[in-house]
J.: 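Just dropping this structure here.
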Amino acid sequence: MKILITGGSRGIGRVCVELFAKNGHQVAFFYKTREDKAASLSESTGAEAIRCDVTSPDSVRAAVARAAVALGGIDVLINNAGISGFAFFDSITDDEWREMIDTDLSGAFYVSREAVKHMLSQKSGVIINVGSMWGKVGASCEVHYSAAKAGLRGMTLALAKEIGPSGIRVNCIEPGVIDTEMNARLSEDDMAALCADTPLCRIGTPLDVAELAYFLASEKASFITGQIIGVDGGFAI
Ligand code: NDP
């Protein structure tokens, strides 16, 4: 398969790149700033690293075109790039609000809009959006993040209906607390509390999420579309 993964330089996206590449698939990934990380991943996996800011439709247009040439098409898109933020509702600035929505919601829209063109021509494809359990249950002091991730739920459902007849499946993974740099701001006590609130009593790993993405991308999931699936150890039950 030919896979495009956004936010591949670190965390969950990085492990997705490694998992698909290890299993013999052709992979291209987007990164925004961490050229060092992107270069080392490209070297270790053979995946094509492409700089792209998913908040910019122009950057996305050029980068998806480049990925399609490098891969010879696009079978699977994983919309994983994201940022998080933590602030009281009334102290979120206009810029912070816009950056969150632009990255975590509009970014997935821009990249999907370009990638789908390649899938429509071959009448098959898979889109996997990486949301968050906070898009389902809402997180205090993360109103912008929760709103963006809830938006991904709606986009997943609507797009699955619209392009299912064209042979394209669209699903959304909602991770719980996963051990990545995104959670680096949390103290040990915060992490211990989150762990205690997780019925399976542990923090998730990027591989927990990547394994579901791998399954959803595969033919084994060929009758699954429009689904929102948690990988959260039961946190959001
Ligand atoms: P990380 O912070 O570890 O990595 C984020 C990735 O997104 C990096 O590769 C980064 O690129 C990329 N990125 C950020 N902004 C942009 C942009 N504007 N354009 C292109 N790429 C961008 O995050 P995680 O791996 O933890 O998170 C991955 C996804 O999983 C996110 O959507 C996140 O919301 C979601 N998630 C994570 C959870 C967690 O607990 N970790 C829980 C629930 C959901 P660069 O390295 O170049 O900066």
J.: Nearest heavy-atom pair of Ile78 and Ala213: which atoms, and what distance?
T.: CD1-CB, 4.1 Å
J.: Say whether Thr45 and Arg14, considering side chains only, have a donor N or O and an acceptor N or O under 3.5 Å apart.
T.: no
J.: I need the Arg10 CZ to Phe29 CZ distance, nearest 0.5 Å.
T.: 12.0 Å
J.: Is there a donor in the side chain of Gln26 and an acceptor in the side chain of Asp75, or the other way round, less than 3.5 Å apart?
T.: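 Result is no, nothing qualifies.
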J.: Side chain of Ser44, backbone of Leu41: donor and acceptor closer than 3.5 Å?
T.: yes
J.: Hydrogens and angles aside, do Ser187 and Asp189 bring a side-chain donor and acceptor to less than 3.5 Å of each other?
T.: no
J.: If I compare all heavy atoms of Val231 with all of Ile178, which pair ends up nearest, and what's the gap?
T.: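 Residues Val231 and Ile178, closest heavy atoms: O-CD1, 4.2 Å.
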J.: Ignoring hydrogens, what is the shortest heavy-atom contact between Tyr110 and Val54? Give both atom names and the distance.
T.: CD1-O, 3.2 Å
J.: Would Glu99 and His144 count as a side-chain contact (heavy atoms from CB on, under 4.5 Å) if you check the C-alpha gap in whole Å, the side-chain angles of each, and the deciding distance to 0.1 Å?
T.: CA-CA 9 Å; Glu99 187 189 11; His144 45 355; over 6 Å; no
J.: Is Val17 reachable from Met182 through a run of I, L, V, M, F, W or Y residues, each pair having side-chain heavy atoms under 4.5 Å apart?
T.: no
J.: Is the backbone of Gly107 close enough, under 3.5 Å, to the side chain of Asn79 for a donor and an acceptor to pair up by distance?
T.: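 Side chain of Asn79 to backbone of Gly107, a donor-acceptor pair under 3.5 Å: no, none is there.
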J.: Rounded to the nearest 0.5 Å, how far apart are CZ of Phe215 and CD1 of Ile128?
T.: 10.5 Å
J.: Taking the side chain as every heavy atom from C-beta outward, state whether Ile229 and Leu216 have any atom pair closer than 4.5 Å.
T.: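 Yes - at least one pair of side-chain heavy atoms lies under 4.5 Å apart.
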J.: Taking the side chain from Glu114 and the backbone from Pro57, do they hold a donor-acceptor pair closer than 3.5 Å?
T.: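 Judged by distance alone, no pair lies under 3.5 Å.
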J.: Check whether any side-chain N or O of Arg185 sits under 3.5 Å from a backbone N or O of Phe86 as a donor-acceptor pair, and report yes or no.
T.: no
J.: Answer yes or no: is there a side-chain heavy-atom contact under 4.5 Å between Leu77 and Met119?
T.: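 A side-chain contact exists here, since the closest heavy-atom pair is under 4.5 Å.
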J.: Checking Ser112 against Met155 for the side-chain contact (heavy atoms from CB on, under 4.5 Å) test, could you report, in this order, the C-alpha distance in whole Å, the side-chain angles of both residues, the deciding distance, and whether it holds?
T.: CA-CA 10 Å; Ser112 300; Met155 196 171 100; 4.2 Å; yes
J.: Taking atom CD1 of Ile74 and atom CG of Leu4, what is their separation to the nearest 0.5 Å?
T.: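 It is 5.0 Å, given to the nearest 0.5 Å.
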J.: What pair of heavy atoms forms the shortest contact from Gly131 to Pro175, and how long is it?
T.: O-CD, 3.3 Å
J.: Quick one: does Thr156's side chain have a donor or acceptor within less than 3.5 Å of a partner on Leu152's backbone?
T.: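 The answer is yes, because a donor-acceptor pair under 3.5 Å joins these two groups.
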J.: Please check if the side chain of Ser42 supplies one atom and the backbone of Ala39 the other of a donor-acceptor pair under 3.5 Å.
T.: no
J.: According to a hydrophobic-cluster definition based on side-chain heavy atoms being under 4.5 Å apart (Ile, Leu, Val, Met, Phe, Trp, Tyr only), do Val27 and Ile12 belong together?
T.: yes
J.: Does some side-chain heavy atom of Ile228 sit less than 4.5 Å from a side-chain heavy atom of Lys136?
T.: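 Lys136 vs Ile228: side chains apart.
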J.: Would you compute the distance between atom CG of Asp104 and atom OG of Ser84 and round it to the nearest 0.5 angstrom?
T.: 8.0 Å
J.: Is there a chain of hydrophobic side chains (I, L, V, M, F, W, Y, each step under 4.5 Å between heavy atoms) that links Leu19 to Ile5?
T.: yes
J.: Can you find a heavy atom in the side chain of Ser106 that is under 4.5 Å from one in the side chain of Ile101?
T.: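 Contact flag for Ser106/Ile101 side chains = yes.
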J.: Is it the case that the side chain of Asn171 and the backbone of Ile224 share a donor-acceptor pair, with hydrogens and angles ignored and the cut-off at 3.5 Å?
T.: yes
J.: Could you check Glu181 against Arg34 for salt bridge (charged side-chain N to carboxylate O under 4.0 Å, His left out), going step by step and ending with a plain yes or no?
T.: CA-CA 13 Å; Glu181 277 180 47; Arg34 298 294 290 274; 3.6 Å; yes
J.: Hey, can you tell me if Trp134 and Phe235 have their rings parallel, tilted or perpendicular (30° and 60° cut-offs)?
T.: perpendicular
J.: Would you check if the side chain of Asp53 reaches a backbone N or O of Thr55 as a donor-acceptor pair within less than 3.5 Å?
T.: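 Such a contact is found between Asp53 side chain and Thr55 backbone.
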J.: If I compare all heavy atoms of Val170 with all of Thr225, which pair ends up nearest, and what's the gap?
T.: N-OG1, 2.9 Å
J.: Check whether more than 12 heavy atoms from other residues, nucleotides or ligands sit under 6.0 Å from atom CD of Glu162, and answer yes or no.
T.: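 No, CD of Glu162 has 12 or fewer neighbouring heavy atoms, counting only those of other groups under 6.0 Å.
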J.: Give a yes or no on whether the backbone of Thr6 and the side-chain of Asn80 come within a donor-acceptor separation of less than 3.5 Å.
T.: yes
J.: Any idea which heavy atoms bring Gly233 and Thr198 closest together, and the distance?
T.: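 Taking every non-hydrogen atom into account, O-CG2, 3.5 Å.
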J.: Donor-acceptor pair, distance only, cut-off 3.5 Å: does the side chain of Asn183 make one with the backbone of Asp179?
T.: no
J.: Any chance you could measure Asp232, atom CG, to Ile173, atom CD1, to the nearest 0.5 Å?
T.: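 With rounding to 0.5 Å, CG (Asp232) is 12.0 Å from CD1 (Ile173).
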J.: Would you say that Arg51 contacts Tyr31 through its side chain, given a criterion of any heavy-atom pair below 4.5 Å between the two side chains?
T.: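 Contact flag for Arg51/Tyr31 side chains = yes.
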J.: Is there a path of hydrophobic side-chain contacts, each under 4.5 Å between heavy atoms of I, L, V, M, F, W or Y residues, that connects Ile3 with Ile50?
T.: no
J.: Any chain of hydrophobic side-chain contacts (each under 4.5 Å) joining Ile127 to Phe30?
T.: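 Cluster IDs for Ile127 and Phe30 match.
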J.: How many angstroms lie between CG in Asp95 and CE in Met100, if you round to the nearest 0.5 Å?
T.: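 CE of Met100 is found 12.5 Å from CG of Asp95.
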J.: Determine, for Glu174 against Lys149, whether the closest basic-nitrogen to carboxylate-oxygen distance falls under 4.0 angstrom.
T.: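 No.
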J.: Can you tell me if Glu35 has over 12 outside heavy atoms packed within less than 6.0 Å of its CD?
T.: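 For Glu35, atom CD is not crowded (no more than 12 foreign heavy atoms under 6.0 Å).
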